[in-house]
2 protein chains.
Amino acid sequence: MNRTTQTKRTTIYDLAELAGTSASAVSAVLNGNWKKRRISAKLAEKITKLAEEQGYALNMQASVLRRDRSKIIGMIVPKYDNRYFGSIVEQFEALARERGLFPIITCTMRDPALELEAARAMLSYQVDCLIATGATDPDRVMELCAAAGVRTINLDLPGARAPSVISDNYGGALELTRRVLANCEKEYGEKTPLLFVGGRGTDHNTMERVRGFRDAHAEAGVAVDDTLVQTVGYAPEKAESAMRQLAERMSPLPRGMFVNSTISLEGVMRWIRRSGHYADRVPQLGCFDWDPFVAMLGDHIEMVRQDVPKMLEAVFGIIDSGDTELTVVQIPPIVEKMG
Amino acid sequence: MNRTTQTKRTTIYDLAELAGTSASAVSAVLNGNWKKRRISAKLAEKITKLAEEQGYALNMQASVLRRDRSKIIGMIVPKYDNRYFGSIVEQFEALARERGLFPIITCTMRDPALELEAARAMLSYQVDCLIATGATDPDRVMELCAAAGVRTINLDLPGARAPSVISDNYGGALELTRRVLANCEKEYGEKTPLLFVGGRGTDHNTMERVRGFRDAHAEAGVAVDDTLVQTVGYAPEKAESAMRQLAERMSPLPRGMFVNSTISLEGVMRWIRRSGHYADRVPQLGCFDWDPFVAMLGDHIEMVRQDVPKMLEAVFGIIDSGDTELTVVQIPPIVEKMG
DNA sequence: CATGCTTGCTCAATCGATGAAGCAAGAATT
DNA sequence: AATTCTTGCTTCATCGATTGAGCAAGCATG
């Protein structure tokens, strides 16, 4: 049968027959430990050449089944619609590959049920390790994995039962709020409280950012009413409708805002443009997360950029060291200069 | 040993022993064809309950090894740093999961070598089908896959040897150019040629877009000099330096531009802001690709949004039908209204 | 010349799931 | 009573790679 139209793939048994040797020798040569198995260089070369000629490709399913470690590393991630998660995934793939690990990623659309289903699927594929990024219920994921003897690391959002790598949300929010407050004062000559929009009131990051937001206000001697904290979810639509409702109940609207993610900012900006509420004077904005085009939107926006390279180095640092301590590593985000 | 601290995973043999039955029966029950195998409902229920209790998870490596089809579907994708590829990946995952397929995705960073390496890795994992998205050398990928009897579908960029689903690049570019030309005329009262920036001069999409760009100019009776077509690559830095160099050689600069992707636009916008060249009057822009924040950048930007949902429906349509015809399906992109 | 060591391999069990083939017990048919 | 059919399982080979154990030939040592 012609090699290019074959339907059966070449296996080590095929190569063994062609080389007039055993499958065992072929396996040893192709997975690199032929020296340890005392295969002669001559035979090794012959087999290698044959494998190349025949377009042999290892069957990972068979290989993983036999080995104790799969060298597959999984990640679940909420969405691919923003630069933050996009760069997390890019970095993750690069660092995994560097270590000879095969990365598989699943996007959960922020759906807790999908999160667990995805984790289960990854366990079925025998991942050695699972990174839960921005998981709504990291501890539940961790539990599933623990039952299968698979380690977990939380990224972006911390969990109580596995090592976590997150941004210094409090610190970033504190600094961001300070800057926006300062911009407001410069622009309007008075100290007024900002509005906090976006994020889930129940997630750790949002709570920490709200804490930073409040503390920066306290520092400046500005009181923050509870209605000014609108943790209505991340989706643009939710931020948009929160703004709409707020505008009905409050006048004048706050001079500035702390928007919790670019994705919420999308909704806020849409509302600002459509409603015309800030037509006379643009609000001073702060956004927790970075996007190149947001940075170009004007000189009234400050941004915090989470330090994705450092975060992923920390994650792989934990993986490499085999650490299982329940540490929470906090990586300082970068507060971008305006303009 | 306690179930929660175990290191060995539960297998069908463990369940068989606990249920006092055979592994074969357990397998039949758990993969759903116990009716066909004439297992009694009573035993089925018992096994199902046991599996649940023991937190049994199928070992996919073993299962795939035995079956003829893996139900794994692969995709290679250039980058995750823009909305277009982000939504492609999100849609891909969703549609794959809908069909009971397990999606694995690899990002190639636009590196041709990584592209092939990634394809090889996916073949090792026995993918049933591989989607090559925006591949620099789709035919080489296709060749690799064909040798393993795996079907390929090209997405975004067409290949000569596998079915392809792409945008109607010519039509989109034609309409986009028309609009930007019209905006320029409205704004400046005269018909002048636009600048085309970004993309690779060798890739099909860019060539088609340039063709649309030229034809729209011809329609309007405007001549396009070759120096006005700067297909210098997609990266922001490349677009930026192309602008810098152009500004040294050309004065006045074009009134408007056709920017070939948001990622190139990032560089163009950066240059515009830094150089101050368009400080007096902003250029009229057209961008082939959509981004929510770009849409907010001002009323001088027109955008073409590729119809990702339709494109992926087309891809899965081909997969579902088992088609192998060398068709190129062209999906019309959506030309967004300004503002 | 017997013994032990080294070199260069092969054999066969194994990983976990799958499914064709087969078998035993009871029910239905002739 | 003998036969066929049906039900409800079990047995066992198989997928492809891995690896501990073992074996034969060649060489060195006492």
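First the proteins, then the strands, lettered A, B, ... as listed; each starts at 1.
Here B:Asn33 lies in heavy-atom contact (under 4.0 Å) with sugar-phosphate atoms only. Among the heavy atoms of the strands lying under 4.0 Å from A:Leu43 are primed sugar atoms or P, OP1, OP2 only; no base atom is included. Among the protein residues, A:Thr11 comes within range of the sugar-phosphate backbone only, with heavy atoms under 4.0 Å from sugar or phosphate atoms but none that close to a base. The residue A:Asp68 sits apart from the nucleic acid: no heavy atom pair falls under 4.0 Å. The residue A:Ser27 sits close to a base: some heavy atom pair falls under 4.0 Å.
Checked against C:dG19, D:dC9, D:dA17, the side chain of B:Thr21 finds its nearest nucleotide in D:dC9. Distances were taken from every side-chain heavy atom of A:Ser63 (C-beta onward) to each of D:dC9, D:dA17, D:dC15; the shortest belongs to D:dA17.
A donor-acceptor contact under 3.5 Å is not formed by the side chain of A:Arg67 with the base of D:dT18. Under 3.5 Å, the side chain of A:Arg37 and the base of C:dT10 form at least one donor-acceptor pair of N or O atoms. Between the side chain of B:Ser40 and the base of D:dT7 there is no donor-acceptor pair of N/O atoms closer than 3.5 Å. If you check distances only, the side chain of A:Ser24 does reach the base of C:dC11 with a donor-acceptor pair under 3.5 Å.
Between the side chains of B:Tyr234 and B:Asp203, at least one donor N or O sits under 3.5 Å from an acceptor N or O. Side chain to side chain, A:Thr136 and A:Glu115 meet the donor-acceptor criterion of an N or O pair below 3.5 Å. Under the 3.5 Å distance criterion, with hydrogens and angles disregarded, a donor-acceptor pair is assigned to the side chains of A:Ser167 and A:Gln306. Using a 3.5 Å distance cut-off with no hydrogens or angles, the side chains of A:Arg67 and A:Ser63 do pair a donor with an acceptor.
Atom CZ of B:Arg69 is separated from atom C1' of D:dC15 by 17 Å (rounded to the nearest Å). Between the CG atom of B:Leu30 and the C1' atom of C:dG19 there is a distance of 15 Å, rounded to whole Å. Summarising the geometry, the separation between CD1 on B:Ile47 and C1' on D:dG8 is reported as 12 Å, rounded to the nearest angstrom. Taking atom CD1 of residue A:Ile12 and atom P of nucleotide C:dA12, one finds them 16 Å apart after rounding to whole Å. Taking atom NZ of B:Lys42 as the reference point, atom C1' of D:dT7 lies 14 Å away to the nearest angstrom. Atoms CZ (B:Arg38) and P (C:dA27) sit 16 Å apart, rounded to a whole Å. Between B:Gln61 atom CD and C:dA17 atom C1' the separation is 12 Å, expressed in whole Å. Computed from coordinates, the A:Lys36 NZ to D:dT18 P distance equals 12 Å when rounded to whole Å.
Put simply, CD on B:Gln61 and CG on B:Asn59 are 6.0 Å apart, with the number rounded to the nearest 0.5 Å.
Side-chain atoms of B:Thr106 never come within 3.5 Å of backbone atoms of B:Ile76 as a donor-acceptor pair (strictly under, hydrogens ignored).
Between A:Asn59 and D:dC15, a side-chain N or O to OP1/OP2 separation shorter than 4.0 Å is absent. Contact check, A:Tyr125 against C:dG16: no side-chain N or O comes under 4.0 Å of OP1 or OP2.
Mapping B:Arg66 and B:Ile39 onto DNA chain D via the closest heavy atom, the residue that lands nearer the 5' end is B:Ile39. Nucleotides of DNA chain C nearest to A:Tyr13 and A:Ala23 differ in position, and the one nearer the 5' end is that of A:Ala23. For A:Ala44 and B:Met60, each mapped to the nucleotide of DNA chain C holding its nearest heavy atom, the one lying further toward the 5' end belongs to A:Ala44.
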